[in-house]
K.L.:
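Here you go, one structure.
If you read the sequence from its start, that first residue is 1, and numbering goes on from there. Bear in mind that the values here come from a model prediction, so they are computed numbers and not experimental data. Computed from heavy atoms alone, side chains included, the values below leave out hydrogens, waters and symmetry copies.
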Amino acid sequence: MFALSSTALLGLALLASPTDATEQVPLPTCEEGTRYIELTADAPSKPPEVCIRPELTLNLLFDAKLARVVVEGRERFRRVKVVDDTLMLVASEALHDGEHVRVTVHFEDGAAPASATFVLVVHPSQAERQVEVSRHERTVASLRQGEQQARAEVQQCREEKARLQAECGGQVGLMGLIENGWLDEKDIVAKVITLNVTRRPGNSLVAQKVISYRAVGPEGRGRVAVKVKLFNPGTVAWTPTGAALVGARQEALTGLTVWPLEPIPPGKYGSITVEMNATEREARGTFMLKLWADEAGDGGVTLDGVTFP
């Protein structure tokens, strides 16, 4: 007879959660690929925001040479380099999630606008790597490139939607996992990694127990998950709104879902599970798990040393 361990059953519960329970968590808007910003002669009421991550390079490309650049908190950047019409920035680990840094560039040609200000926002998981800034109308080639990029993103969303509908539209529960190829002789594996993870200073909650899971699916696909039992030592409720798993190269795994998005009352325990699609190769190595909330001044939860079985 085919028997399931309690660990496997817990893993099944995670992977077979209702669709509405693992709905994608909204994150601040950060564009993938090349981003385009058009400046006008009148200064905008709110400077454009650009997502950055520590140790990842951001290239700002302008349509005119730069005379000078003013970077707020210059000492917290590992590299600030200006070459003609290009500004390269590499933030250091001294910048923390949620921080805003103002950068002002002054153009050499004297045309309007003579300067432009941007706000760099340290995002928990995403970063914009290249931004093209223009003070004039974009060229036909530039518009076509942006259109092609948008089409590719739409197609990717359609394919992901079709995959999710195929997986969720048939059988559910144990039968659904078997029929979709997520459960066979390889089973679902899990391990307790509480002693392996390192808690960073300033965490809002205390991680009491951490378990990681891996399920091997058909055609090389796979899923991984991390379940964290948290204690809220504060005086107000803490409600998770987002999560990220960041690798050693500061690259984040994509397509995360978080459940449940329910508040953890002060003085109480709560559990949060982060799940995503990841092949065995993508989930290798050590990751940093980040959980955050919308409350102002919240330090969130950051755990280093997360691995998967």
K.L.:
Does Phe118 share a hydrophobic cluster with Val131, counting links as ILVMFWY side-chain heavy atoms below 4.5 Å and allowing steps through other members?
P.N.:
yes
K.L.:
Can you list the residues that meet the ring-ring contact (aromatic ring centres under 6.0 Å, His included) rule with Phe77, with sequence neighbours excluded?
P.N.:
none
K.L.:
Using side-chain contact (heavy atoms from CB on, under 4.5 Å), reason through Glu108 and Arg68 one step at a time and then give a plain yes or no.
P.N.:
CA-CA 8 Å; Glu108 189 176 281; Arg68 64 188 181 94; over 6 Å; no
K.L.:
CG/Leu89 to OG1/Thr57 distance, rounded to the nearest 0.5 angstrom?
P.N.:
9.0 Å
K.L.:
State, with a plain yes or no, whether a side-chain heavy atom of Ile52 is found less than 4.5 Å away from one of Val121.
P.N.:
no
K.L.:
Does any non-hydrogen side-chain atom of Leu261 lie less than 4.5 Å from one of Thr241?
P.N.:
no
K.L.:
After noting the C-alpha distance and the side-chain angles of Val50 and Val119, does the key distance pass the side-chain contact (heavy atoms from CB on, under 4.5 Å) rule?
P.N.:
CA-CA 6 Å; Val50 179; Val119 176; over 6 Å; no
K.L.:
Show your working on side-chain contact (heavy atoms from CB on, under 4.5 Å) between Arg53 and Val122 and close with a plain yes or no.
P.N.:
CA-CA 6 Å; Arg53 290 284 308 135; Val122 185; 4.2 Å; yes
K.L.:
Please tell me if the side chains of Thr302 and Asn203 come closer than 4.5 Å, counting only heavy atoms from C-beta onward.
P.N.:
yes
K.L.:
Which pair of non-hydrogen atoms, one from Thr40 and one from Pro113, has the smallest distance, and what is that distance?
P.N.:
O-CG, 3.3 Å
K.L.:
With clusters built from Ile, Leu, Val, Met, Phe, Trp and Tyr whose side-chain heavy atoms come within less than 4.5 Å, directly or transitively, what are the remaining members of the cluster of Leu195, listed by chain and number?
P.N.:
none
K.L.:
For the residue pair Ser212 and Lys227, confirm or rule out a side-chain donor-acceptor distance under 3.5 Å.
P.N.:
no
K.L.:
Under a 4.0 Å threshold between the charged nitrogen and the carboxylate oxygen, would Arg78 count as salt-bridged to Glu93?
P.N.:
no
K.L.:
Is there a side-chain contact between Leu230 and Gln208 in this structure, where contact means two heavy atoms from C-beta onward sitting under 4.5 Å apart?
P.N.:
no
K.L.:
Do side-chain atoms of Arg135 reach the backbone of Ala111 as a donor and acceptor pair under 3.5 angstrom?
P.N.:
yes
K.L.:
If only side-chain N and O atoms count, and only distance matters, is there a donor-acceptor pair under 3.5 Å linking Thr104 with Ser115?
P.N.:
no
K.L.:
With clusters defined by side-chain heavy atoms of hydrophobic residues (ILVMFWY) lying less than 4.5 Å apart, directly or transitively, does Leu120 cluster with Leu61?
P.N.:
no
K.L.:
Do Lys268 and Asn232 have side chains that get closer than 4.5 Å, going by heavy atoms?
P.N.:
no
K.L.:
I'd like to know if the side chain of Thr286 reaches the main chain of Val306, judged simply by a donor and an acceptor atom lying under 3.5 Å from each other, with no hydrogens or angles considered.
P.N.:
no
K.L.:
If you take all heavy atoms of Ser134 and Asp63, which pair is closest and at what distance?
P.N.:
OG-OD2, 3.5 Å
K.L.:
Once you measure the plane-to-plane angle for Phe62 and Phe107, does it fall in the parallel (<30°), tilted (30-60°) or perpendicular (>60°) bin?
P.N.:
perpendicular
K.L.:
Can Val69 and Val103 be said to form a side-chain contact (heavy atoms from CB on, under 4.5 Å), step by step?
P.N.:
CA-CA 7 Å; Val69 174; Val103 174; 4.1 Å; yes
K.L.:
Is there a donor-acceptor pair under 3.5 Å between the side chain of Glu128 and the backbone N or O of Cys30?
P.N.:
no
K.L.:
Taking the side chain from Glu72 and the backbone from Arg102, do they hold a donor-acceptor pair closer than 3.5 Å?
P.N.:
yes
K.L.:
How many angstroms lie between NZ in Lys191 and CZ in Phe308, if you round to the nearest 0.5 Å?
P.N.:
9.5 Å
K.L.:
Find out whether Val206 and Tyr269 are in side-chain contact, i.e. whether some heavy atom of one side chain is under 4.5 Å from a heavy atom of the other.
P.N.:
no
K.L.:
Could you give the distance from CD (Glu31) to SG (Cys51), rounded to the nearest 0.5 Å?
P.N.:
9.0 Å
K.L.:
Taking Ser271 for the side chain and Lys229 for the main chain, is one N or O donor matched with an acceptor at less than 3.5 Å?
P.N.:
no
K.L.:
Look at the side-chain heavy atoms of Ile, Leu, Val, Met, Phe, Trp and Tyr, link any pair under 4.5 Å apart, and say whether Leu56 and Leu60 land in one connected group.
P.N.:
no
K.L.:
Looking only at heavy atoms, which two atoms of Pro266 and Ala237 are closest? And how far apart?
P.N.:
CD-N, 3.7 Å
K.L.:
Can you name the closest pair of heavy atoms from Pro54 and Leu95 and give their distance?
P.N.:
CG-O, 3.7 Å
K.L.:
For Glu99 and Arg76: C-alpha separation, side-chain torsions, deciding distance, then whether salt bridge (charged side-chain N to carboxylate O under 4.0 Å, His left out) applies.
P.N.:
CA-CA 12 Å; Glu99 287 199 59; Arg76 297 193 294 172; 2.6 Å; yes
K.L.:
Are any of the side-chain heavy atoms of Ile272 and Val258 separated by less than 4.5 Å?
P.N.:
yes
K.L.:
Supply the atom-to-atom distance Asp97 CG to Lys290 NZ, rounded to the nearest 0.5 angstrom.
P.N.:
3.0 Å
K.L.:
Can you name the closest pair of heavy atoms from Ala278 and Ala283 and give their distance?
P.N.:
CB-CB, 4.2 Å
K.L.:
Would you mind checking if Glu132 and Arg35 are paired as a salt bridge, meaning a charged N to carboxylate O distance below 4.0 Å?
P.N.:
no
K.L.:
Starting from the C-alpha separation in whole Å, work towards a yes-or-no answer on side-chain hydrogen bond (donor to acceptor under 3.5 Å, both in side chains) for Lys81 and Thr86.
P.N.:
CA-CA 8 Å; Lys81 187 175 182 180; Thr86 301; over 6 Å; no
K.L.:
What distance separates Gln130 CD from Asn59 CG, expressed to the nearest 0.5 Å?
P.N.:
6.0 Å
K.L.:
Assigning hydrophobic clusters by single linkage (Ile, Leu, Val, Met, Phe, Trp, Tyr; side-chain heavy-atom cutoff under 4.5 Å), is Leu291 placed with Val246?
P.N.:
no
K.L.:
Filter on salt bridge (Lys or Arg N to Asp or Glu O under 4.0 Å), then keep only pairs touching residues 192-211, sequence neighbours left out; what's left?
P.N.:
Arg200-Asp304
K.L.:
Establish whether Val301 and Met288 are linked, either directly or via other cluster members, by ILVMFWY side-chain heavy-atom contacts under 4.5 Å.
P.N.:
no
K.L.:
Would you call Glu275 and Arg223 a side-chain contact if the rule is heavy atoms closer than 4.5 Å?
P.N.:
yes
K.L.:
Could you tell me the separation between the CH2 atom of Trp238 and the CH2 atom of Trp292, rounded to the nearest 0.5 Å?
P.N.:
10.0 Å
